[in-house]
Amino acid sequence: MPPRRPPFDPRAILAALERNYVDSVLIGGLAQVLRGADHVTGGVDICPSFAAGNLERLTRAVADLGARRLDGAPLEVTDKALGSEAVLSLATSAGALQIIGSPAGAPKGYVDLRRAATKEHLGQGIQPLVASVGDLARMAAALDRDQDLARLSQLRRIMELEADREQTLSTPTPAARRPTRTSAQRGRRAAR
């Protein structure tokens with residue numbers, strides 16, 4: 001009988017990353033869900049910064065989660081290990097965690113993704129940096145897997161809706177286009 005998988009608790013994984021001050025961008029299925037995609041995900045995917053000290057903080061965070069590699073190899077979270085493996089897949093006490101140093105479609109990894117990513121408030125003080133819908137769509141297209149291509153149309157539709165919302169918010173209403181008079185100007189006009 002295969003080992004029982006722990007219940008998926010993305011908040012616990014994200015909280016461990018934040019408690020240890022890990023600089024990373026949330027990508028993959030959970031990021032897509034947070035951006036509005038309609039599907040179920042069973043893991044947390046992150047793209048960490050390779051800045052000095054960050055990988056040591058990431059090592060502490062995964063240790064807090066009792067992480068182990070799915071392939072049974074020794075767990076090393078180093079720039080060399082992340083550079084040589086496309087995906088570092090871990091099992092943690094809170095579910096699956098995948099660490100991707102250089103995601104498909106974002107060759108510079110964290111540096112590429114952080115530009116358009118935004119902090120999202122998920123409650124209980126958890127505020128991960130989440131990849132933009134455009135970056136998520138670019139990564140899904142670059143992976144060229146059936147599951148990602150199926151989600152791509154949803155991501156593109158979310159991008160269209162966001163663009164429409166931005167256009168609506170930036171277009172002034174007719175009342176806002178008219179110059180407003182100050183009370184002093186109205187008073188001078190009434191006095192004439």
Side-chain angles (χ1 to χ4, degrees), residues 8-18 22-51 54-55 57-58 61-62 65 67 69-71 75-92 94-122 126-166:
F8 180 47
D9 185 359
R11 285 179 185 264
I13 295 172
L14 296 172
L17 295 170
E18 290 203 8
V22 175
D23 292 324
S24 64
V25 177
L26 184 63
I27 60 176
L30 183 59
Q32 292 173 9
V33 168
L34 291 174
R35 292 293 183 205
D38 183 23
H39 59 267
V40 177
T41 186
V44 173
D45 303 325
I46 63 165
C47 179
S49 166
F50 283 51
N54 193 59
L55 295 180
R57 293 189 298 271
L58 179 54
V62 297
L65 292 163
R69 290 178 59 125
L70 292 179
D71 63 7
L75 177 56
E76 289 183 51
V77 184
T78 62
D79 53 352
K80 183 179 177 186
L82 292 175
S84 67
E85 293 187 54
V87 177
L88 181 58
S89 297
L90 308 175
T92 76
L97 171 62
Q98 294 194 94
I99 303 170
I100 300 109
S102 181
K108 292 184 182 173
Y110 180 83
V111 174
D112 279 346
L113 298 171
R114 72 174 177 179
R115 291 184 197 130
T118 57
K119 278 207 177 254
E120 299 300 327
H121 301 274
L122 304 183
I126 300 171
Q127 301 176 35
L129 196 58
V130 180
S132 70
V133 177
D135 284 339
L136 292 169
R138 186 166 39 107
M139 287 183 282
L143 284 171
D144 199 30
R145 300 181 305 193
D146 289 342
Q147 68 186 33
D148 295 304
L149 294 176
R151 295 174 182 170
L152 193 54
S153 63
Q154 255 188 1
L155 293 170
R156 287 184 176 146
R157 179 65 183 139
I158 293 167
M159 286 172 46
E160 290 170 6
L161 292 171
E162 284 183 353
D164 288 349
R165 183 185 72 205
E166 288 299 317

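Worth saying up front: this structure is predicted, and the values here are computed from it rather than measured.
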Between Arg138 and Ser132, a side-chain donor and acceptor under 3.5 Å: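 No.
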[atom1]/[X] to [atom2]/[Y] distance, rounded to the nearest 0.5 angstrom?
X: Ile99; Y: Leu90; atom1: CD1; atom2: CG; answer: 4.5 Å
X: Ile100; Y: Leu88; atom1: CD1; atom2: CG; answer: 9.0 Å
X: Arg57; Y: Ser24; atom1: CZ; atom2: OG; answer: 10.5 Å

Lys80 atom NZ, neighbour heavy-atom count above 12 within 6.0 Å: no
Do the side chain of [X] and the main chain of [Y] share a donor and acceptor less than 3.5 angstrom apart?
X: Arg35; Y: Val130; value: yes
X: Ser102; Y: Gly109; value: no
X: Asn54; Y: Asp23; value: yes

Nearest non-hydrogen partners of Pro10 and Leu30, listed with the distance: CB-CD2, 3.8 Å
Candidate pair Asp135 and Asp112, rule side-chain contact (heavy atoms from CB on, under 4.5 Å), full reasoning: CA-CA 9 Å; Asp135 284 339; Asp112 279 346; over 6 Å; no
Derivation of the side-chain contact (heavy atoms from CB on, under 4.5 Å) call for Thr92 and Val44: CA-CA 11 Å; Thr92 76; Val44 173; over 6 Å; no
Cys47 and its side chain to side chain contact (heavy atoms under 4.5 Å, CB included) partner, picked from Leu26, Leu129, Leu113: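 Per the side chain to side chain contact (heavy atoms under 4.5 Å, CB included) rule, the option paired with Cys47 is Leu113, out of Leu26, Leu129, Leu113.
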